[in-house]
Amino acid sequence: MDKRFEPRSYEAAWQRRWTERGYFRADPRSGKPPFCIMIPPPNVTGKLHLGHALQSTLQDLLTRWKRMQGYEALWLPGTDHAGIATQLMVERQLASEGMQRRCLGRERFLERMWAWKAQYQGNIRRQLDLLGASCDWSRERFTLDDGLSRAVREAFVLLYREGLITRGEYLVNWSPVLETAVSDLEVESRTVPGHLWHIAYPVEGSGERVVVATTRPETMLGDTAVAFHPEDERYRRWAGRHAVLPLVGRRLPFVADAAVDPEFGSGLVKVTPFHDPFDFELARRHGLPGVTVIDRRGRMTEEAGEELAGLDRFAARAQVVERLREQGLLVKVEEHVHNVGHSQRGGEPIEPLVSTQWFCDVSGMAERALAASPGGALRLVPDTWDRTWENWLETIRPWCISRQLWWGHQIPAWYDEAGRVWVAHDAVEAAALAGTEPERLTQDPDVLDTWFSSALWPFSTLGWPDDTEDLRFFYPTDVLVTAYDILFFWVARMVMMGLQLTERVPFHTVHLTGLIRDAAGVKMSKTKGNVLDPEDLVEEFGADAVRFTLASLDSPGRDVPLNREQMAGYRAFGNKIWNATRFALSRLEEVEGAEVQPALDVAGLAAPERWILSRLSRTAAEVGERLAAFRFDEACHRLYHFFWGDLCDWYIELAKPALSGEAPRPRVGEVLLTVLDSSFRLLHPVMPFLTEELWQRLPGHERIHPETIVLAPYPTREAAWEDERTEAQVGALMQLVTRVRALRAEHGVAPKAAVDVWACGDPETDRFLAEQLPLVRFLCRAETLHLAPPPPETRQDAVEGVALGIALPREPAQELGEDERRKLEKELERLEEAIRQTEGRLGDDRFTSKAPAQVVEGNRSRLRELEERRRRILATMQPIG
RNA sequence: AGGCCCGUAGCUCAGUUGGUUAGAGCGCUACGUUGACAUCGUAGAGGUCAGCGGUUCAAGUCCGCUCGGGCCUACCA
């Protein structure tokens, strides 16, 4: 076995072999119970970022764990066409060639898109392979492939025919840069500094003027009314009258509306129905018309007047303000900080515009989703998201699902020559409905929001709308792992569509991870360009260390600060595992018949063997429990401490005298190998490569599984191994050893130097120590271990009811040095304080009468221990006294 | 404006249903290469658990308030 731990030397080879042998391929006819996870499909042309690596690690961990538990585990991989994001990338590429998509035409542009997709297709898979992902690639899906496209059309038609999808003209969020509508979720409001312009509007036929306040003077050209609060005494008298729109001269009726806040600005609102959501709603209530003064590219229209037409809206703003100023209508300008919607993708300001779009009424689905959660069929982990989830579903509004893009699912709606719309699965069906020829129909040029197809992902990937074997077996799926930032974009919509189209919640548990943050605490995202490449980390630390780090950082409700030092630490953990195994194998080579045992009887084993098996059983129980609770961090920590602490620091040390033949004990080799086998299996879901590599080298591993650890059973609690008494006894021994080492260090005894040690406790402890004499000597590096009260000239202490003493090797030097005395005095002070506290507690009968007996007894024994230590330290300080 | 989360060691974070002495990793200090591992070992230093008040025999943990930081949702022009 190579002395060097080098993950690169085996990781890729195992991934290849596992795949070749089909271990990850799921079979609905296996007779095992199903377990299914759908990957949140990454952008097909993207690169995996650390968020993906985190989620993939957890999904793989769950999948491997369930596979080992005997489930038919399917982790279905795939990719998303990611409409806007991908189209932008190709458009950028075109731009670098001096071209635009519109010159190219739809058909040729889409050819470019598919070519681009083909080029990067393999990227995601390659990166998931590097991480050791156990996906079933035979079932890989892409949101634009034939099957999923059919599912999208089917869903659209079904929802349309139920009246849940409609087409209409509304004020929508419009990106003048992308030239498409976007949904509410794709708009993020940013707080930006701006101005509040107070503008005077003359009142028709009165000689008076009123003042309105606005943050967007350029939109005044589209004003069609002036509104005030119905109770506002200042303006009530204007009811029924008209104001005159400056610069344009349009007559604007005064309307009273309770939505107007009389406290804000002047208490008067200029109403611009087609360029402001608030005004749009207000205008609808009052039957007011609207005027479009800004176009789809963010420029002023003809309606805005000859001089401004064609100007960008922000340039127009300056001009409007200037002209108002000239005409003496600009009353006041205030600094004003306000919220402005920006595109979540490109960051450009979003323009509210009126346009004809397709909308999905999700209110009914939202109600069903609410009924399913929380505490129902759907569980969010951590459940701190419940309130947010409910709140969002309760206030949900129609979803604008059409996009003016080319890359995506073209909407299955056709228009006949009379402009009537026919929604159907294809042109032939549409033509039949329309009573015409397919050639005479024109398909709606728009595509669907990417999230529409994503919403169908859990079942479209399994063959829906067909009644497939996979769908019957694996659906509903089990767990969804994703970051909380797409809870609404994706999770909520999957739940809603799942309930609507399949009558089932598509998964019973959603595990929400935090977002990966970089060194500066900024969240990593594609658009921000601060993405760290998981590939580099795998190269540097190995996939297992990357996985272990990410899994152990997944604490509920917290973002994940990426910490390279920690990753290096977990690479060192791999090294520890490697070397412990190397040591065990080298020692056991000569031991005849030492093999991994599928079952192991503890009868006849010595205390250290009983102890490590007991610890192993408890660890298996705890890890299983923690995994079931989605506490991957705690599961990892327990595994780490079991292997490094219990196994390496203690058991292997305890095994050395036995393995070397100095103090033989029964079946030590069997136990060591069996513990390693179980440890590897416990660790396998999080560190698949290392554990397979080492497990394969264990003599007798075939008795657990003939081929691979991937399919070996996941260890569980072995109640017969658990032994409280041995754990307590060995635990005491460990503390004793630790205290002796501390005594040595405190009194400046060189690590190599052998000392005489005295130990004396109660008869039972003494008997146990007598049995373990060679071990204790070995671990304390004691020349002689006297099971007797420490004589006065020794340096003394006490632990676990055992009085300890060590005789310093240097002679006669029994005088305490300055340092030693200071340390002991400090320790004494601490002891006195603790004794005072504990005595105080025990002297208070409110405590002794109300606290549980166990806690009271705990305090009593603690007091005894403290007093014993005080006695021993005092004895040390006056040795010959 | 609502809702949520966070504040614990130098750094990044754990701390179940309140219970003896608040933990881990990294970093730091001292010593150490005796044959698994220096990607290591042994022993240490380091915390008024943001602050104030309350409930309780007992509070990092439960409740209220304050301060500080972050996030999400929202049509105040």
Side-chain angles (χ1 to χ4, degrees), chain A residues 1 3-5 171 188-189 196 212-216 219 227 259-261 263-266 268-272 276-282 336 338-339 352 384-388 390-392 395 484-485 487-488 515 521 523 549 552-553 555 557-566 568-587 629 631 633-634 637 640-641 648-649 652-653 656 660 738 741-746 748 750-752 781 823 830 834 837-838 841 844-852 854-863 865-866:
Chain A
M1 198 172 157
K3 190 176 170 176
R4 284 190 43 185
F5 164 61
L171 191 74
E188 63 178 31
S189 83
L196 196 57
V212 300
T214 180
T215 55
R216 298 199 60 186
T219 65
V260 176
D261 178 2
E263 305 293 317
F264 187 88
S266 63
L268 274 185
V269 180
K270 62 185 262 313
V271 181
T272 318
D276 183 277
F278 176 90
D279 296 2
F280 186 78
E281 291 302 321
L282 191 147
H336 181 63
H338 61 143
N339 295 330
T384 43
W385 290 101
D386 288 352
R387 199 91 66 93
T388 310
E390 285 167 11
N391 184 48
W392 189 76
T395 58
Y484 63 76
D485 59 342
L487 185 60
F488 305 134
L515 303 173
K523 90 174 183 188
T549 306
S552 65
L553 287 175
S555 295
R558 260 195 118 109
D559 283 344
V560 177
L562 186 80
N563 187 331
R564 290 173 64 85
E565 286 68 40
Q566 196 147 15
Y570 288 130
R571 188 187 198 278
F573 180 46
N575 179 64
K576 189 76 181 175
I577 297 171
W578 181 268
N579 280 294
T581 309
R582 197 161 64 85
F583 169 74
L585 294 178
S586 72
R587 283 307 166 88
R631 288 305 302 265
D633 56 338
E634 290 184 345
H637 294 147
Y640 182 93
H641 288 114
C648 293
D649 290 347
I652 289 183
E653 292 306 313
K656 278 178 181 174
S660 71
T738 303
R741 287 171 178 166
L743 269 177
R744 297 174 59 117
E746 231 164 78
K752 284 190 247 194
R781 194 157 294 280
K823 276 187 216 163
R830 261 183 262 168
Q837 269 181 15
T838 314
R841 224 182 338 244
D844 185 344
D845 45 284
R846 285 180 309 175
F847 173 68
T848 47
S849 62
K850 289 196 176 181
Q854 207 187 329
V855 173
V856 177
E857 187 40 49
N859 273 270
R860 291 221 171 89
S861 66
R862 169 168 155 70
L863 184 58
E865 179 94 5
L866 290 167

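We name chains A, B, ... by the order of the sequence lines, and we start the count at 1 in each one.
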Distance, rounded to the nearest Å, where A/Arg216 contributes CZ and B/C75 contributes P: 16 Å

When you look for runs of 3 or more Watson-Crick or G-U pairs in a row, both distances below 3.5 Å, which of them include RNA chain B? B:1-7 with B:67-73, B:10-13 with B:23-26, B:28-32 with B:40-44, B:50-54 with B:62-66

Please state the C1' separation for the pair B/A74 and B/C11 - nearest whole angstrom. 37 Å

When we call it a touch if two heavy atoms are under 4.0 Å apart, what does A/Ala572 touch: a base, just sugar-phosphate, or nothing? base

Comparing nearest nucleotides in RNA chain B, the 5'-proximal residue of the pair A/Arg846, A/Ser586 is A/Ser586

For A/Lys656, check salt bridge (charged side-chain N to carboxylate O under 4.0 Å, His left out) against everything at least two apart and list the hits. A/Glu653

Whole angstrom is fine here: how far is it from CG in A/Leu196 over to P in B/C76? 14 Å

For the C1' atoms, the ones on B/C76 and on B/G18, what distance do you get once it is rounded to whole angstrom? 46 Å

Sub-3.5 Å donor-acceptor pair from the side chain of A/Arg781 to the main-chain atoms of A/Lys752, do we have one? no

Whole angstrom is fine here: how far is it from CZ in A/Arg741 over to C1' in B/A30? 17 Å

Is A/Lys270 close to A/Asp276 at the side-chain level, that is, under 4.5 Å between some pair of heavy atoms? no

Distance between the C1' atoms of B/A14 and B/U61, in whole angstroms? 14 Å

Work out how far the C1' atom of B/C31 is from that of B/A50, and round it to whole angstrom. 38 Å

With rounding to whole Å, what would you report as the distance between B/C49 and B/C57 at their C1' atoms? 22 Å

Touch check for A/Gly569, heavy atoms < 4.0 angstrom, all strands: base, sugar-phosphate only, or nothing? nothing

So, does A/Arg4 get its side chain near the phosphate of B/A38, meaning an N or O under 4.0 Å from OP1 or OP2? no

By the 4.0 Å heavy-atom rule, please label A/Glu188 as base, sugar-phosphate, or nothing. nothing

On the nucleotide B/U56, are OP1 or OP2 found under 4.0 Å from the side-chain N or O atoms that A/Lys850 carries? no

Are any side-chain N or O atoms of A/Asn579 and backbone N or O atoms of A/Asn575, one a donor and one an acceptor, separated by less than 3.5 Å? yes

Could you work out the separation of B/A22 and B/G69 based on their C1' atoms and round it to a whole Å? 24 Å

Side chain to side chain, A/Val855 and A/Phe847, heavy atoms closer than 4.5 Å: yes

Using 30° and 60° as the class boundaries, would you call the ring planes of A/Trp578 and A/Phe5 parallel, tilted or perpendicular? tilted

B/U33, OP1 or OP2 - any side-chain N/O from A/Lys752 closer than 4.0 Å? yes

Calculate the interatomic distance between A/Gln566 atom CD and B/G27 atom C1'; express it in whole Å. 12 Å

Ignoring the backbone of A/Ala851, work out which of B/A24, B/A77, B/C57 is nearest its side chain. B/C57

side-chain N/O A/Arg631 vs B/G15 OP1/OP2, d < 4.0 Å: yes

From the candidates B/A36, B/A77, B/A74, the one with an atom nearest any side-chain atom of A/Asn339 is B/A74

Can you tell me how far P in B/A59 sits from the matching atom in B/U21, rounded to whole Å? 11 Å

Would you call the rings of A/Tyr570 and A/Tyr640 parallel, tilted or perpendicular if under 30° counts as parallel and over 60° as perpendicular? perpendicular

For B/G15 and B/G47, measure between their C1' atoms and round to the nearest Å. 14 Å

Rounding to a whole Å, what distance do you find between A/Asp261:CG and B/A77:P? 10 Å

Tell me what A/Ala834 touches on the nucleic acid: a base, only sugar-phosphate, or nothing, going by heavy atoms under 4.0 Å. nothing

Take the protein atom CZ of A/Arg781 and the nucleotide atom P of B/U42, then report the distance between them rounded to whole Å. 13 Å

Drop me the distance from A/Thr384's OG1 to A/Asp386's CG, to the nearest 0.5 angstrom. 7.5 Å

Is there a side-chain polar atom (N or O) of A/Arg387 under 4.0 Å from OP1 or OP2 of B/C4? yes

Gap between atoms CD and P, on A/Glu565 and B/A24 respectively (whole Å): 19 Å

Where each residue is assigned the nucleotide of RNA chain B containing its nearest heavy atom, which of A/Lys3 and A/Asp844 is assigned the position nearer the 5′ end? A/Lys3

Expressed in angstrom and rounded to an integer, what is the separation of A/His637 atom NE2 from B/U16 atom P? 15 Å

Can you see if the side chain of A/Arg558 gets near the phosphate of B/A14 - specifically, an N or O under 4.0 Å from OP1 or OP2? yes

With respect to the phosphate group of B/A36, does any side-chain polar atom (N or O) of A/Lys656 fall under 4.0 Å of OP1 or OP2? yes

